[in-house]
Enquirer: 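Before anything else, here's the structure in question.
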Amino acid sequence: MSEEKRLDRLTSILKRRGFILPSFEIYGGISGLIDYGPVGARIKRKVTDFWLDHWINQGDIVEIDSPTITPEQVLIASGHVGEFNDLMTVCMNCNSTYRADHLIANIHDEPETIEISEMNEILTNKSIICLNCHESKWSPAKPMNLMFKTSIGAMKNQRVAYMRPETAQGMFMLFPSLYRHFRQKLPFGAIQIGKGYRNEISPRQGMIRLREFNMAELEYFIDPKNPPLEDLSSNNSLINFIPDPESGFDLEYNITLEKAFAMGLVKHPTVASILLKTWEFLAEIGIDTKRIRFRQHISTEMAHYASDCWDCEIFGEYGWIECVGIANRTCHDLESHEKNSNSGSKLMKAWRSFDETLVEKRIVISPKTSVIGPIFKQESGAVIEALKELEDDDNWPKKVELDNGNTVNITRDMVEIKEIETNISGEWFTPHVIEPAFGIDRIIWHLLDHSYEELVKEGEDYTMMKFNDKVSPIDAIILPLFEKDGMDKIASEITNIANSIPGVRVEMDTSKSIGRRYARADEIGVPWTITVDHISKEDKTVTVRRRDDQFQIRASIEEILHHLNNKSIGKMFLE
RNA sequence: ACGAGUGUAGUGUAGUGGUUAUCACCGGGCGUUGCCAACGCCUGAACCCGGGUUCAAAUCCCGGCACUCGUACCA
């Protein structure tokens, strides 16, 4: 089969077998929206369940769930409203489209904050020429909003809202509650799996750029002065790194994460830990690790909130595609929400105890209220307040201005000058956040891509999906060799018992020849097929076929059910 | 967003103004002692949507939608 049509063949099998299909197809379809069919939805469920477990296992990470509809203030604070309302302009001569703020970056200090009218003035005064055709005929600038806008409530009391462009804000909103939940001790994290929305200008590439997509994000809150580091030596797999070309490192490395951290390629210890854990997740669900790499963002590419960024890219039919973004968001979000929300000054902060309590000695000017009271009467309160601002310098008496504008004379005998000691046992600070953001659809796409194999079997084209047990849509298919002589009955008994085991899903297939049924099972990636034949009736044994090499063994039904329960059917083939 | 191309059963396709719309795989049923897409019979299923030209449109024209490619955009 020709290599260049592989993508077409894969896409059509995904549609035919119920993995991935265009949404709303009977109405013509909407680009950028897809459905997971019965087979695809099983895989997605398994991938996200496994993802959840992978992080929650760590013990200091919890799952949360928050709304997709998000009020405007939240996204103003996060910076998305500003960032997503880019002004666009089109060259009327050659139709090239540009972000207007990029065009005027050289002649304006803050191009991103500019108003439409000012932008249009700059564009019409002919100083900006098109990079493509060198003319200067610009269309009026138009805001391009990449968020879906909506409103909450009806009629007069509507509040502007957007469909969330990321799940992360949900975790930030819950920071105070999470901080309490974790007994006010960092580090801790919160994860969420859910939909995100981007009104893409032109979605392309199947499930790579979607308008509604599945995200899975972790916000890991840490003390920037004491960033946690996992044991990187536990995994010595070689991993591909592409550092920022401006960083002074070579173009490419294939080294362990432990080494990458030791040599300073990955600088932040927590980022290094999360890179490793991300890589392990992808490897375990069955992504080909040779086609995984971590690429560091160059400074201009970085998101508005991030201070350091690594993309985890996976290679497939569309080339290298960003599937996970790992960003150090620092204190950007928590700080901004604290400011914008009028929440208390400590609500978005954490407490850091010092190793030793500091004793701070200060000289204070302490008012003698018994003297001040009788002299200043009603103004006494204002005088005492004003004295807090004074510094001791032995120049007495002093002229002091009160809040009400009056100036009063303070003499030495009105105050007591004393040294006081304060114990300082710690301080409030805004935690930093390390965030891995997983594009679930993109990961599933590459899982499908990497699992899809085209072979030739006895001169015929033959395709299979080589999913491992963790992600295969169903665990096994039960096949009665013939649908008679009691074999169908045995098969449906096995099916019922197996399906009653929590977490185990099997199906029975009785239609058409045995070879065709094996082929169908292979095509949706079922790793094991269990065949009931004549002998089964006599000694309660059946055959188990391994998809990847068609090798078969015979075992008792009881033993197979036991291994299905333990997800260990593969072990039956060892010896 | 612009430009070019494409759109026929579930999938892949044939069909350049008049066909009962081609073929294959596919799905369903029945039969067949039949373990890797076997065979036989029966059966199911399509011209992207809307308008126009014409006696007559899958076919020509216009608009929309979707897909592919190029350019642009892409937290």
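Numbered from 1 within each chain, the chains take letters A, B, ... in sequence-line order.
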Enquirer: Could you tell me how far B/rG28 sits from B/rC67 if I compare only their P atoms? Round to whole Å.
Expert: 30 Å
Enquirer: Across the strands shown, which category fits A/E460 at heavy-atom distances under 4.0 angstrom: base, sugar-phosphate, nothing?
Expert: nothing
Enquirer: Tell me if the centroids of the rings in A/W445 and A/Y318 come within less than 6.0 Å of each other.
Expert: yes
Enquirer: Can you tell me, in whole Å, how much space there is between the P of B/rC65 and that of B/rA21?
Expert: 31 Å
Enquirer: Would you state whether a donor and an acceptor, one from the side chain of A/K484 and one from the base of B/rG34, lie under 3.5 Å apart?
Expert: yes
Enquirer: Students often get this wrong, so: under 4.0 angstrom with heavy atoms, is A/D485 touching a base, only sugar-phosphate, or nothing?
Expert: nothing
Enquirer: Can you see if the side chain of A/S513 gets near the phosphate of B/rG34 - specifically, an N or O under 4.0 Å from OP1 or OP2?
Expert: no
Enquirer: Is the centre of the A/Y197 ring less than 6.0 Å from the centre of the A/Y162 ring?
Expert: no
Enquirer: What parts of residues 35-43 of chain A reach RNA chain B, counting only heavy atoms under 4.0 Å away?
Expert: none
Enquirer: If you look at every strand shown and take non-hydrogen atoms under 4.0 Å, does A/S12 touch a base, only sugar-phosphate, or nothing?
Expert: sugar-phosphate
Enquirer: How long is the line joining CD of A/E454 and C1' of B/rG12, in whole Å?
Expert: 14 Å
Enquirer: When the P atoms of B/rG51 and B/rU43 are considered, how many whole Å apart are they?
Expert: 35 Å
Enquirer: For atom P, what is the distance between B/rG12 and B/rC69, given to the nearest Å?
Expert: 16 Å
Enquirer: From CG of A/L21 over to P of B/rG10, roughly how many Å is that when rounded to an integer?
Expert: 12 Å
Enquirer: Check whether the side chain of A/E25 and the base of B/rC48 form a donor-acceptor pair under 3.5 Å.
Expert: no
Enquirer: Between C1' on B/rC74 and CE on A/M147, what's the gap in Å once rounded to a whole number?
Expert: 15 Å
Enquirer: Identify which one of A/L481, A/L479, A/I494, A/I478 satisfies the side-chain contact (heavy atoms from CB on, under 4.5 Å) criterion when paired with A/V542.
Expert: A/I494
Enquirer: What is the nucleic acid contact for A/S511, judged by heavy atoms within less than 4.0 Å: base, sugar-phosphate only, or nothing?
Expert: sugar-phosphate
Enquirer: In whole Å, what separates the C1' atom of B/rU8 from that of B/rA46?
Expert: 6 Å
Enquirer: Measure CD1/A/I34 against C1'/B/rA66 and give the value in whole Å, please.
Expert: 15 Å
Enquirer: Check this for me: A/I76, atom CD1, are more than 12 non-hydrogen atoms of other residues, nucleotides or ligands nearer than 6.0 Å?
Expert: yes
Enquirer: When the C1' atoms of B/rA45 and B/rG3 are considered, how many whole Å apart are they?
Expert: 37 Å
Enquirer: Return the nearest nucleotide to the side chain of A/K15; candidates are B/rU11, B/rA37, B/rC35.
Expert: B/rU11
Enquirer: NZ of A/K571 to CZ of A/F573: how many Å apart, nearest 0.5 Å?
Expert: 14.0 Å
Enquirer: Given B/rC36, B/rC73, B/rA75, which nucleotide is nearest the side-chain atoms of A/R198?
Expert: B/rA75
Enquirer: Below 3.5 Å, does any donor atom in the side chain of A/E322 face an acceptor in the base of B/rC74, or the other way round?
Expert: no
Enquirer: Can you confirm whether or not the ring centre of A/F294 sits under 6.0 Å from the ring centre of A/W310?
Expert: no
Enquirer: Can you name the closest pair of heavy atoms from A/M487 and A/P480 and give their distance?
Expert: O-CB, 3.8 Å
Enquirer: When you match A/D533 and A/G32 each to their closest nucleotide on RNA chain B, which lands nearer the 5' end?
Expert: A/D533
Enquirer: Quick one: A/K512 NZ to B/rC26 P, roughly how many Å, whole number?
Expert: 7 Å
Enquirer: Where does the angle between the aromatic ring planes of A/F467 and A/F19 fall among parallel (under 30°), tilted (30 to 60°) and perpendicular (over 60°)?
Expert: tilted
Enquirer: Considering every strand and a 4.0 Å limit on heavy-atom distances, what is the contact class for A/S31: base, sugar-phosphate, or nothing?
Expert: sugar-phosphate
Enquirer: Does A/E523 come within less than 4.0 Å of A/R16, counting only side-chain N to carboxylate O?
Expert: yes
Enquirer: Would you say the side chain of A/R204 and the base of B/rC67 hold a donor-acceptor pair, judged only by whether the two atoms sit under 3.5 Å apart?
Expert: no
Enquirer: From CD1 of A/I20 over to P of B/rG10, roughly how many Å is that when rounded to an integer?
Expert: 19 Å
Enquirer: What is the separation between atom CD on A/E538 and atom C1' on B/rU33, rounded to the nearest whole Å?
Expert: 14 Å
Enquirer: Distance between the C1' atoms of B/rA24 and B/rA9, in whole angstroms?
Expert: 12 Å
Enquirer: Tell me: CZ of A/R209 to C1' of B/rA75, nearest whole Å?
Expert: 12 Å
Enquirer: If you assign A/R517 and A/F482 each to the RNA chain B nucleotide with the nearest heavy atom, which residue ends up on the more 5' nucleotide?
Expert: A/F482
Enquirer: Classify the side chain of A/Y518 and the base of B/rC35 as holding, or not holding, a donor-acceptor pair under 3.5 Å.
Expert: yes
Enquirer: Where the side chain of A/L481 is concerned, which of B/rC36, B/rU33, B/rC35 is the nearest nucleotide?
Expert: B/rC35
Enquirer: Mind checking the C1' distance from B/rC47 to B/rU59? Whole angstroms is fine.
Expert: 10 Å
Enquirer: Look at A/D475 together with A/R505 and state whether they make a salt bridge at an N to O cut-off of under 4.0 Å.
Expert: no
Enquirer: Which nucleotide in the set B/rG27, B/rC36, B/rU11 lies at the smallest distance from any side-chain heavy atom of A/K457?
Expert: B/rC36
Enquirer: So, is A/R516 near the phosphate of B/rC26, with a side-chain N or O under 4.0 Å from OP1 or OP2?
Expert: yes
